[in-house]
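Below is one structure, written out as structure tokens, with a few remarks after it.
Just so it is clear, the model here is predicted, and its values are computed rather than measured. Computation of the quantities below employed the complete heavy-atom set of this structure, encompassing side-chain atoms and omitting hydrogens, waters and symmetry-equivalent molecules.
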Amino acid sequence: MMCLLAKNKFECRVSSVLNKNNRLCGKKHMFDNCPETCWNSDAGTPQWIIIDFEQECKISSFEIEFQGGFVGKDCYVAAGDKQTEFVESFFPEDKNIVQRFNLKEPKEAKTFQFVFNESTDLFGRIIIYKLSLYS
């Protein structure tokens, strides 16, 4: 099992950043392997993360580490470059642990989108310390 983000060039976009403070709360912190930094979204729903790979990659599972109290609810992953296609829903627990989600069927695409339609936070904020995708 290989972490695709470590082995492939990719770009990441997110729905928002808390107070537009990319230095402290930006998307890059989901991938820096530092347990003290994180992406912190601003308030509102839905929140999302889009990963664009340079070449097609096959995803069979992913891991997310949320901050408890700021966890996504009513979540799904979608795939596709020009036309996004629903892949499947996932149901994180409201805990500060790395949570692994295995897809029922591996999906191949250049673009993967993680959507959080709601949050356990009353204001709709999401906090993620780590996001990893696996082939």
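Taking the charged nitrogens against the carboxylate oxygens, Arg13 and Asp52 do have a contact shorter than 4.0 Å, which makes a salt bridge. A salt bridge links Glu85 to Lys107: one of the charged nitrogens lies within less than 4.0 Å of a carboxylate oxygen. Salt-bridge formation is detected for the pair Glu63/Arg100: a Lys NZ or Arg NE/NH1/NH2 atom is positioned less than 4.0 Å from an Asp or Glu carboxylate oxygen.
No donor-acceptor contact under 3.5 angstrom links the side chains of Arg125 and Ser119, judged on distance only. There is a side-chain donor-acceptor pair under 3.5 Å between Gln47 and Ser15.
Residues passing the side-chain hydrogen bond (donor to acceptor under 3.5 Å, both in side chains) test with Tyr129 are Gln67, sequence neighbours excluded.
In terms of heavy-atom proximity, Val17 sits nearest to Val14 at CG2-CG2, 4.0 Å. The heavy-atom pair separating Phe90 from Val77 by the smallest distance is CE2-N, 3.9 Å. Between Ala109 and Gly80, the shortest heavy-atom contact is CB-N, 3.7 Å.
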**OP:** Give the C-alpha distance, both sets of side-chain angles, the deciding distance and a yes or no for ring pair (Phe, Tyr, Trp, His ring centres under 6.0 Å) between Phe62 and Phe114.
**Re:** CA-CA 10 Å; Phe62 58 94; Phe114 298 85; 5.0 Å; yes
**OP:** Could you check Lys130 against Met30 for side chain to side chain contact (heavy atoms under 4.5 Å, CB included), going step by step and ending with a plain yes or no?
**Re:** CA-CA 4 Å; Lys130 178 184 178 183; Met30 290 186 284; over 6 Å; no
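No donor-acceptor pair under 3.5 Å is formed between the side chain of Trp39 and the backbone N or O of Phe31.
Summarising the local packing, CG of Asp74 is surrounded by more than 12 heavy atoms from other residues, nucleotides or ligands at distances under 6.0 Å.
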